[in-house]
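Let me begin by presenting the structure, written as structure tokens, before commenting on it.
For clarity, every value in this text was computed on a predicted model and none was experimentally measured. Lettering follows sequence order; numbering is per chain, from 1.
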Protein chains: 2
Amino acid sequence: MTLDREQVLRSAAALLTRKSTATMDEVAKAAGIGRATLHRHFAGRDALVRALEELGIQEFEAALDTAVLDEGTSQEALRRFVAAIEPSAGLLSFLVTENQLFEGDGQNDGWDRLDARVAAFFRRGQERGEIRIDLTPAWLTEALYGLISSAAWAVQAGRVAGQDFAYMIVELLLGGARRSVEQ
Amino acid sequence: MTLDREQVLRSAAALLTRKSTATMDEVAKAAGIGRATLHRHFAGRDALVRALEELGIQEFEAALDTAVLDEGTSQEALRRFVAAIEPSAGLLSFLVTENQLFEGDGQNDGWDRLDARVAAFFRRGQERGEIRIDLTPAWLTEALYGLISSAAWAVQAGRVAGQDFAYMIVELLLGGARRSVEQ
DNA sequence: TTCCGGTGAGACATCAACGTCTCAAGTGGG
DNA sequence: CCCACTTGAGACGTTGATGTCTCACCGGAA
């Protein structure tokens with residue numbers, strides 16, 4: 001029985017999303033495999049996290065590709081992206097906080113590439129006059145990540161409905177909470 | 001030389017904000033005291049975190065009191081609150097993620113009280129017609145926390161300017177990133 | 001059937017952090 | 001001045017997670 005590496009990473013992601021301090025033993029049990037087997041495929045906890053990082057980056061990138069941020073209005077593009085990233089929101093949330101722990105040492109540069117793509121999206125929106133120019137692309141990028149994490153957590157905690165995930169994020173990020181005059 | 005408990009908690013908060021997995025030894029060193037002394041005043045890591053939780057709740061509550069959310073428009077009130085919470089943003093961010101680890105066991109009910117006050121603020125805004133009603137108070141509350149955390153982190157990482165802290169959060173949360181017609 | 005590679009279970013040593021304790025030193029109050 | 005109290009430093013045992021290893025087992029391929 002050959003190990004399904006993908007499936008192991010999936011269950012590890014699901015577990016670590018809920019409990020970021022989970023033990024290697026817990027991760028193994030969650031994947032339905034032995035701890036020894038887990039070690040055979042991932043040299044250690046660090047290696048596991050790095051593999052999850054690769055997975056997260058890959059899914060993030062796939063979501064960006066799927067969304068085709070260049071097409072249509074900023075709102076339409078962002079809505080497509082958030083909908084595409086939703087299944088990975090928990091993993092992303094875990095990786096973001098995990099990344100904050102790394103104090104500057106070898107940080108996967110994949111994140112920089114993704115940050116750049118998202119920031120570029122907001123910048124294009126500004127150039128087309130669809131996005132405010134008094135909020136920097138860097139801040140909008142960070143805010144998007146924060147809202148995705150918050151929404152993922154709020155949904156999991158049952159404080160908000162899961163079906164509203166994309167709507168909540170996009171409406172708040174683009175439209176804001178203020179009730180405008182025309183609506 | 002009597003130990004300054006407040007000062008110890010401050011430096012612990014500052015350290016744990018940056019490195020949430022810091023050791024008791026690191027916390028002690030950061031506070032300029034010995035590990036034994038730290039243990040004399042906080043029975044263990046849990047006790048320390050709980051003390052920080054108390055501090056965070058207290059500062060959060062103080063910020064809510066300072067802001068007087070009932071007065072003026074929602075925007076003015078929110079701006080006052082975010083400005084008041086800014087010094088505690090890092091600590092809050094740490095406590096929020098720390099809280100997510102606690103799987104339902106004894107959770108400080110002070111958070112519920114704070115959540116209720118914030119949610120009530122958004123609900124009042126909705127009733128006065130200042131806040132959209134298609135975004136629930138619960139989501140707006142979570143989103144506010146997420147934006148505060150994101151902003152605190154982004155400022156510390158040097159990705160955004162610290163002086164824009166309150167402006168960025170309030171403008172994005174209330175106004176949204178979309179460029180409106182009249183502005 | 002017979003191998004062979006991968007697996008699960010468990011034993012084992014290692015290591016880092018924890019919590020406790022002791023003791024010398026220093027401070028402040030009486 | 002002296003004493004009570006607190007601190008800092010370090011030693012010590014304990015715990016929990018880690019990483020490695022062995023061995024029996026099983027399923028698929030020859």
Atom pair distance, as rounded to whole Å: [atom1] in [X] and [atom2] in [N]:
X	N	atom1	atom2	answer
Lys19(A)	dA17(D)	NZ	C1'	12 Å
Lys29(B)	dG10(D)	NZ	C1'	11 Å
Ile33(B)	dG26(C)	CD1	C1'	17 Å
Leu38(B)	dA9(D)	CG	P	13 Å

Does any part of the side chain of [Y], heavy atoms only, come nearer than 4.5 Å to the side chain of [X], both counted from C-beta?
X	Y	value
Leu147(B)	Trp139(A)	yes
Leu69(B)	Leu78(B)	no
Val82(B)	Tyr167(B)	no
Leu55(A)	Glu6(A)	yes

When the axes are fitted on five pairs at both termini, how much does the helix from dT1(C)-dA30(D) to dG30(C)-dC1(D) curve, in 10° steps?
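Result, rounded to 10 degrees: 10°.
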Nucleotide by nucleotide, nucleotides 13-21 of chain C touches protein heavy atoms under 4.0 Å in the pattern (B base, S sugar-phosphate only, - none) ----SBBBB
Establish whether Leu48(B) and Trp111(B) are linked, either directly or via other cluster members, by ILVMFWY side-chain heavy-atom contacts under 4.5 Å.
yes
Determine whether Trp153(B) and Leu173(A) fall in the same hydrophobic cluster, where Ile, Leu, Val, Met, Phe, Trp and Tyr are linked whenever their side-chain heavy atoms lie under 4.5 Å apart.
no
Tell me whether the side-chain N/O atoms of His41(A) come closer than 4.0 Å to OP1 or OP2 in dT7(C).
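Yes.
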Taking only side-chain nitrogens and oxygens of Thr37(A), does any of them come within less than 4.0 Å of OP1 or OP2 of dT7(C)?
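Looking at the OP1 and OP2 atoms of dT7(C), neither is under 4.0 Å from any side-chain N or O of Thr37(A).
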Are Gln156(A) and Arg18(A) linked by a side-chain donor-acceptor pair shorter than 3.5 Å?
no
Please list, chain by chain and in numerical order, all residues satisfying side-chain hydrogen bond (donor to acceptor under 3.5 Å, both in side chains) with Arg128(A), sequence neighbours excluded.
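Per chain and number, Arg128(A) pairs via side-chain hydrogen bond (donor to acceptor under 3.5 Å, both in side chains) with no residue.
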